[in-house]
Amino acid sequence: MVVVASEGPRVFKVGDEFEWRVPLQNDTSVYSRWANTNRFHIGDSLSFVYDKDSVMEVDKWGFYHCNGSDPITAFDNGNSTFYLDRPGLFYFISGSNAHCTSGQRLIVEVMHIHHHHNHHDVSLPPSMSPLSASSPSESAFDSHDPASSAAASSLLASFFPPFAALLVALFSCQP
């Protein structure tokens, strides 16, 4: 098993040059577009830069209803950093209901740690190894035994569903 190392924790400035402010009337998806262009990992941080506003982490319900009455975290200092400490979704809104309903809200998804498997490290059990495949004379299915033929056709049909009817017909019609 190989774990791919990341480049280390990053600090993302929310909205980039646009920062954390009320979106323009015809651009209410500015923060969802911004989030979709970034990949967030555990240990990264979000930097919210704003003027005469605030930012709150809320639950999903608070996000969709622009309700900051019970925030998880709230900042109003104009330059706030939020640490992403777990995988999953984080919901942020402006502390101003009017700003939130105008599109000043953000969902960030923090990715789970990914493990990459090296296919050379994978060993097949002996029964699955290509070298231990049975020859036709050693087959577990006896072509002269109807029960064995039915089992073989069922097994083959499960691997090849589009050809199931054809396989059943071929195995059933033996001399």
Side-chain angles (χ1 to χ4, degrees), residues 1-130 155-164:
M1 181 182 310
V2 177
V3 177
V4 177
S6 66
E7 51 193 60
R10 295 178 56 193
V11 177
F12 292 89
K13 183 178 178 184
V14 174
D16 294 326
E17 297 80 34
F18 189 75
E19 300 180 341
W20 182 245
R21 61 180 163 178
V22 180
L24 302 173
Q25 195 169 18
N26 61 350
D27 195 20
T28 58
S29 63
V30 64
Y31 293 111
S32 56
R33 279 197 320 276
W34 176 83
N36 287 333
T37 62
N38 292 295
R39 295 291 170 257
F40 306 99
H41 300 277
I42 297 170
D44 289 343
S45 298
L46 300 178
S47 172
F48 291 86
V49 178
Y50 49 94
D51 186 36
K52 298 179 186 151
D53 207 332
S54 61
V55 61
M56 298 179 171
E57 181 195 6
V58 295
D59 61 14
K60 185 177 181 178
W61 189 92
F63 176 85
Y64 285 104
H65 293 91
C66 287
N67 185 329
S69 65
D70 189 23
I72 297 167
T73 308
F75 300 104
D76 64 358
N77 64 4
N79 190 356
S80 309
T81 301
F82 184 86
Y83 181 69
L84 302 171
D85 60 354
R86 61 172 174 77
L89 298 174
F90 289 83
Y91 301 91
F92 300 95
I93 63 172
S94 168
S96 162
N97 185 278
H99 292 185
C100 179
T101 57
S102 295
Q104 191 178 358
R105 52 186 165 174
L106 167 70
I107 300 175
V108 168
E109 182 175 9
V110 177
M111 301 175 73
H112 291 268
I113 296 172
H114 292 281
H115 298 280
H116 296 279
H117 297 279
N118 183 340
H119 72 281
H120 297 293
D121 294 339
V122 177
S123 60
L124 296 174
S127 63
M128 298 295 287
S129 171
L155 177 65
L156 289 171
S158 69
F159 288 114
F160 304 103
F163 305 108

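Being a predicted model, the structure only gives us computed values, none of them experimental. The basis for the numbers below is simple: all heavy atoms, side chains too, and nothing from hydrogens, waters or symmetry mates.
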Salt bridge (Lys or Arg N to Asp or Glu O under 4.0 Å) involving Glu19 - partner list, sequence neighbours excluded: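 Glu19 satisfies salt bridge (Lys or Arg N to Asp or Glu O under 4.0 Å) with Lys13 once adjacent residues are dropped.
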Among residues at least two apart in sequence or on other chains, which ones pass salt bridge (Lys or Arg N to Asp or Glu O under 4.0 Å) with Arg21?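 Applying salt bridge (Lys or Arg N to Asp or Glu O under 4.0 Å) to Arg21 gives none.
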To the nearest 0.5 Å, what is the distance between [atom1] on [X] and [atom2] on [Y]?
| X | Y | atom1 | atom2 | value |
| --- | --- | --- | --- | --- |
| Phe48 | Leu46 | CZ | CG | 5.0 Å |
| Phe12 | Leu84 | CZ | CG | 8.5 Å |
| Asn38 | Glu109 | CG | CD | 13.0 Å |
| Phe92 | Arg105 | CZ | CZ | 14.5 Å |
| Ser94 | Met56 | OG | CE | 8.0 Å |

Applying salt bridge (charged side-chain N to carboxylate O under 4.0 Å, His left out) as the test, list every pair that has at least one member in [range]; sequence neighbours left out.
| range | answer |
| --- | --- |
| residues 74-102 | none |
| residues 43-61 | none |
| residues 24-43 | Asp27-Arg33 |

Using side chain to side chain contact (heavy atoms under 4.5 Å, CB included), reason through Trp34 and Leu106 one step at a time and then give a plain yes or no. CA-CA 9 Å; Trp34 176 83; Leu106 167 70; 4.0 Å; yes
List for me each residue that meets ring pair (Phe, Tyr, Trp, His ring centres under 6.0 Å) alongside Phe90, sequence neighbours excluded, and say none if there are none.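 Once residues adjacent in sequence are excluded, the partners of Phe90 under the ring pair (Phe, Tyr, Trp, His ring centres under 6.0 Å) criterion are Phe82.
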Please identify each residue that fulfils ring pair (Phe, Tyr, Trp, His ring centres under 6.0 Å) with Phe75, with sequence neighbours left out.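 For Phe75 there are no ring pair (Phe, Tyr, Trp, His ring centres under 6.0 Å) partners, ignoring immediate neighbours.
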Taking only residues two or more places apart in sequence, or in another chain, which ones meet [X] in a side-chain contact (heavy atoms from CB on, under 4.5 Å)?
| X | answer |
| --- | --- |
| Val22 | His99, Ser102, Gln104 |
| Asp70 | none |
| Ser32 | Ser29 |
| Asn67 | Trp61, His65, Ser69 |

Any heavy-atom pair between the side chains of Pro9 and Tyr83 that's under 4.5 Å?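 Counting from C-beta outward, Tyr83 and Pro9 never come under 4.5 Å.
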Pairs meeting criterion disulfide (SG to SG under 2.5 Å) with involvement of residues 54-105, two or more places apart: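 Applying disulfide (SG to SG under 2.5 Å) to every pair that reaches into residues 54-105, excluding sequence neighbours, yields Cys66-Cys100.
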Tell me whether Trp20 contacts the main-chain N or O of Ser54 through its side chain, where contact means a donor paired with an acceptor under 3.5 Å.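 Checked: pair present.
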Side-chain donor or acceptor of Asn77 paired with backbone N/O of Asn79 under 3.5 Å: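 Yes.
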Step by step, would you call Val108 with Tyr31 a side chain to side chain contact (heavy atoms under 4.5 Å, CB included)? CA-CA 9 Å; Val108 168; Tyr31 293 111; over 6 Å; no
Contact summary for Val58 and Gly68, nearest pair of heavy atoms: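 Looks like CG1-CA, 4.3 Å.
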